[in-house]
Amino acid sequence: MSQTKTKIAQRISKEINDGDVVNLGIGIPTIVCDFIPSDIEVHIHSENGLVGLDKEAAEGFEDKDIINASGKYATIKNTGSFFDSAMSFNIIRGGHLDMTVLGALQVDSKGNIANWMIPGKLVPGMGGAMDLTVGAKKVICAITHQTKKGTSKIKQECNLPLTAAGEVDLIVSELAVMEVSSEGLILKEIAKEVDVNEVIEKTEAELKISENLKQF
Amino acid sequence: MSQTKTKIAQRISKEINDGDVVNLGIGIPTIVCDFIPSDIEVHIHSENGLVGLDKEAAEGFEDKDIINASGKYATIKNTGSFFDSAMSFNIIRGGHLDMTVLGALQVDSKGNIANWMIPGKLVPGMGGAMDLTVGAKKVICAITHQTKKGTSKIKQECNLPLTAAGEVDLIVSELAVMEVSSEGLILKEIAKEVDVNEVIEKTEAELKISENLKQF
Amino acid sequence: MGKVIDMQELDKFFDDEMRIMIGGFLDCGTAETVLAYVNQLDLHSLTIIVNDAGYNYKSKGKFLATADINNIITSHIGTNPDVGAKMNNGEIEIELIPQGTLVEQIRAHGAGLGGILTPTGIGTKAEEGKQIIEVEGEKHILATPIGADIAIIKAWKADKSGNLIYRHSAKNFNPIMAMAADTVIAEAENIVENGELDNNNIMTSNIFVDYLVKSKPEN
Amino acid sequence: MGKVIDMQELDKFFDDEMRIMIGGFLDCGTAETVLAYVNQLDLHSLTIIVNDAGYNYKSKGKFLATADINNIITSHIGTNPDVGAKMNNGEIEIELIPQGTLVEQIRAHGAGLGGILTPTGIGTKAEEGKQIIEVEGEKHILATPIGADIAIIKAWKADKSGNLIYRHSAKNFNPIMAMAADTVIAEAENIVENGELDNNNIMTSNIFVDYLVKSKPEN
């Protein structure tokens, strides 16, 4: 696992509070799990129909009827439970999730997020992502700061089709933690490895620097 | 039990086919059950959340968690099942009931039915009756032909607040079986005890006499 | 803090003018122990959401007949003459809703829907004051969400984490109301250790349930 | 006639141009035995309603990749490159719907609702061509019912009368689709005698299920 991804996941794990009900998307969000402190109890929701998701199943212990939303064999805590997809999305859309963490192709200064299609190129579909972003109380976007070609994924305005408009609350990359406010993005924290100017340079969106800027 | 009610219930029981899913309302409809031939299998649905309703519970064998929609302790067949009220009304409204049998204060030539309030006098509420009349494939109104004061309950047009507009398919009283058609009520059967003129006289609604009039 | 609490701790969750949902169909699946306790708190101007008004002499019906209630949103009050009398003398305002619509409105709140379209009630008083929307030439009533400050529900078995299993026809409105209130108080006949319920049969997840109270045994 | 049938009897229920719903989330809770059989019937111009397109090399994904299909109504096809390719070359038309909306549309059909209002998708492509309805100042998409001619669902246990119990995360779309098709074919891993299921745990009532087929044991 790359250090970049680990850094993002680790920082996001600090947003989780005892008792929270959390949905973790595919990719970086999945590994957030690994950094949740053992002294707090978190209910992991998986949109395919369970809450109380535990680790992936060990080899030889796979149960064909227990998978996570990525299709991997999983396990469930002894206080977990299963339900149909209607109930699963009632939980999501009904505001019963304290937090969802999603990856994205782009995210922007207005809290818009794009993660489900690149016109003419890639159309996987939105799956549960549109419901998750609209429904969860807090939406965190886990994202590498730039594309492999060095383009900022933190846009002033997304140009890919949106997953949701204005729903993202917090953006965490390997370089920065940015809060979405009515006045645009507020740079709250920067990675120890970089300085503010480097972050500003690598970010397409305008950043307001928090008076209380921290490192992570 | 009065002979009048028995006669109505007995006649209605002949409308039920093998395999039907049926909801029986309070009053006369409840006793329809007693006349279903033992060689056909009928699934009785009760809107409080079960299907496969069987007889009332024998004294000493009441289970506080098994009631019918009238609140009486009931029993369930070994192929019956229980569900919440949302599912119960999905069954009703979703067209999964072959038939519902309801009592009424009035029913009319257009298939309108009124059974949930008398303004200024009695306002019990509609309970599940509006869903049942709209949702069931076939709606049978079980009704004594006249009020105790001798007024016809089979109206040209209901003057009490409706439970549903144009949903009744068949009206069965102790005197007559009437089908609701686009041209009004068709008198299909008359009770052995009466002649056609008496039925016409006691019915406010206009009746078209079936060419194939039968007795019951 | 655990979810299993003593009855006396309930006081702090309740206040005047609250909207309270009560599960049950007639007396089946109603949290009688909690309701009896709540009824002796000095609460005023409540709004109650409940399938039916029950019987005036016991359980939820007694609560509805005796508590200080401004509004009841329900599908049926015919079994409770005291509530009927209070409606007639203007003491309680009753909003009657078809049962299938009522349960969907409660579900819609819990499910984050803006409402549902139902054909039930078209051409009747139930459509009065409602927005009518046509879908494929058929008229429907737009029924909007109904939520509450508190839901008082009844389960058969609970584990200490708040997972619930209901029994037989005592399910009724309980699993739906469990999704639709800010605070959900579940009364359970049995409260077992975590892990003792078969998690394939849990009907309400612990994430919905805030507090658990044990039913007093029936006398 | 009993509901338990042999695979060969399935032929007569299927026809060209049918709308078919398939339960399951990826491969979990999918009626693999029935699908493999249906895939070798000579069916044309199907419309499929399914949560996702699965994997092209097995189970429902193989069916979607190889059967003669005109339309797929689904929330996600990213796991099935063959379906993606058929979409790109115009062979299959894909209608993408947010998963929570899709399941509610299927439920709405089964529940006799004219539709539901959801905030999901507002401000995105998902709202294109949809009726937008405001409720209390908030925009919602009107999502209308989706039904089918046949639903192919998967259960863990069935009794001969057609009552179903699903297992763990294999529930997903199955209990919802069971309400929403004219003919419901359930594949079950175990088919037991009537009375052998605990009727408190039945998730789909026998009144919804038309035919039962036993799963072939996994190789």
Side-chain angles (χ1 to χ4, degrees), chain B residues 26 46-51 53 63-76 80-95 110 112-114 116-117 119-135 158 160-167, chain C residues 23-29 51-55 72 74-80 84 87-88 94-104 106-107 110-111 118-128 139 154 156 166-179 189 203-204 218:
Chain B
I26 297 171
S46 188
E47 65 262 34
N48 56 310
L50 60 148
V51 72
L53 187 72
D63 181 326
K64 72 173 177 26
D65 293 332
I66 308 181
I67 65 165
N68 62 26
S70 313
K72 297 215 170 109
Y73 294 114
T75 61
I76 188 166
S81 58
F82 301 98
F83 30 77
D84 65 35
S85 298
M87 173 61 94
S88 188
F89 281 84
N90 289 352
I91 291 173
I92 291 171
R93 206 181 32 228
K110 291 174 180 160
N112 297 326
I113 180 170
W116 72 282
M117 74 175 286
K121 208 168 154 189
L122 182 76
V123 191
M126 66 292 278
M130 287 191 179
D131 295 286
L132 283 161
T133 42
V134 166
C158 290
L160 290 174
L162 298 186
T163 305
E167 296 287 353
Chain C
F25 187 108
L26 294 168
D27 284 348
C28 190
N51 174 59
D52 61 84
Y55 306 109
I72 303 178
T74 186
S75 78
H76 199 265
I77 61 165
T79 51
N80 194 322
M87 173 180 70
N88 289 334
I94 306 282
E95 183 180 353
L96 287 167
I97 299 179
Q99 197 168 138
T101 305
L102 178 61
V103 72
E104 282 296 311
I106 296 168
R107 179 181 184 275
T118 178
T120 299
I122 288 291
T124 77
K125 272 182 181 294
E127 75 172 46
E128 285 174 12
K139 285 185 183 176
K154 169 79 191 296
W156 176 38
Y166 311 90
R167 186 166 172 275
H168 297 351
S169 59
K171 297 177 178 65
N172 55 64
F173 275 64
N174 289 301
I176 310 299
M177 289 180 170
M179 300 192 290
E189 290 174 50
M203 295 176 208
T204 294
E218 294 175 272

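Letters A, B, ... mirror the listed sequences (proteins, then strands); counts begin at 1.
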Would you mind checking which part of Glu127(C) comes under 4.5 Å of any heavy atom in chain B, side chain (CB onward), backbone (N, CA, C, O), both or neither?
-> neither
Examine whether an atom of Ser70(B) lies under 4.5 Å from a heavy atom of chain C, and if so say whether it belongs to the side chain, the backbone or both; otherwise answer neither.
-> backbone
Go through the atoms of Met87(B) and report whether side chain, backbone, both or neither lie under 4.5 Å from a heavy atom of chain C.
-> neither
Residue pair Phe173(C) / Asp84(B), side-chain heavy-atom distance below 4.5 Å = no
So, the part of Ala164(B) with a heavy atom under 4.5 Å from chain C: the answer is backbone
Roughly how far, to the nearest 0.5 Å, is the OG1 atom of Thr124(C) from the CG atom of Leu162(B)?
-> 7.0 Å
Between Tyr166(C) and chain B, which part of the residue has a heavy atom less than 4.5 Å away: side chain, backbone, both or neither?
-> neither
Are the side chain of Arg93(B) and the backbone N or O of Gly100(C) linked by a donor-acceptor pair below 3.5 Å?
-> yes
Return the option, out of Gly166(B), Gly49(B), Ala69(B), Ser88(B), with the maximum number of heavy-atom pairs under 4.5 Å with chain C.
-> Ala69(B)
Could you tell me which of Ile122(C), Leu102(C), Asp27(C), Ile97(C) has the largest number of non-hydrogen atom pairs under 4.5 Å with chain B?
-> Ile97(C)
Indicate yes or no: at least one non-hydrogen side-chain atom of Lys125(C) is less than 4.5 angstrom from one of Trp116(B).
-> yes
Interatomic distance, Cys28(C) atom SG to Tyr73(B) atom OH [nearest 0.5 angstrom] | 8.0 Å
Applying salt bridge (charged side-chain N to carboxylate O under 4.0 Å, His left out), name anything that partners Lys171(C), two or more places apart in sequence or on another chain.
-> none
Quick one: what part of Thr163(B) sits under 4.5 Å from any heavy atom of chain C, side chain, backbone, both or neither?
-> backbone
Sequence-distant partners of Thr101(C), side-chain hydrogen bond (donor to acceptor under 3.5 Å, both in side chains), two or more places apart = none
Output for pair (His76(C) NE2, Met126(B) CE), nearest 0.5 Å, gives 10.0 Å
Of the listed residues (Met203(C), Met87(C), Gln99(C), Arg107(C)), which shares the most heavy-atom pairs with chain B below a 4.5 Å separation?
-> Gln99(C)
CD1 (Ile92(B)) and OG1 (Thr120(C)) are apart, to the nearest 0.5 Å, by 9.0 Å
Taking atom types as modelled, find out whether Asn172(C) and Ser85(B) have a side-chain donor-acceptor pair closer than 3.5 angstrom.
-> no
Best-contacting candidate, Ser81(B), Ala165(B), Gly127(B), against chain C by heavy atom pairs under 4.5 angstrom = Gly127(B)
How many angstroms lie between CE in Met130(B) and OG1 in Thr118(C), if you round to the nearest 0.5 Å?
-> 11.0 Å
Proximal component of Phe89(B), with respect to chain C [non-hydrogen, under 4.5 Å] = side chain
Please report the C-alpha distance between Arg167(C) and Asp63(B) in whole Å, then the side-chain angles of each, then the deciding distance to 0.1 Å, and finally whether the salt bridge (Lys or Arg N to Asp or Glu O under 4.0 Å) criterion is met.
-> CA-CA 11 Å; Arg167(C) 186 166 172 275; Asp63(B) 181 326; 2.6 Å; yes
Measure from the side-chain N and O atoms of Ser169(C) to the backbone N and O of Asp65(B), and report whether any donor-acceptor pair falls under 3.5 Å.
-> yes
If every non-hydrogen atom of Ile176(C) is compared with every non-hydrogen atom of Ala86(B), which pair is closest and at what distance?
-> CD1-CB, 3.6 Å
Relative to chain B, which segment of Pro175(C) carries a heavy atom at a distance below 4.5 Å: side chain, backbone, both, or neither?
-> side chain
Are Leu96(C) and Met117(B) close enough that some pair of their side-chain heavy atoms sits under 4.5 Å apart?
-> no
Interatomic distance, Asn48(B) atom CG to Asn51(C) atom CG [nearest 0.5 angstrom] = 9.0 Å
Are any non-hydrogen side-chain atoms of Asn90(B) and Glu104(C) less than 4.5 angstrom apart?
-> yes
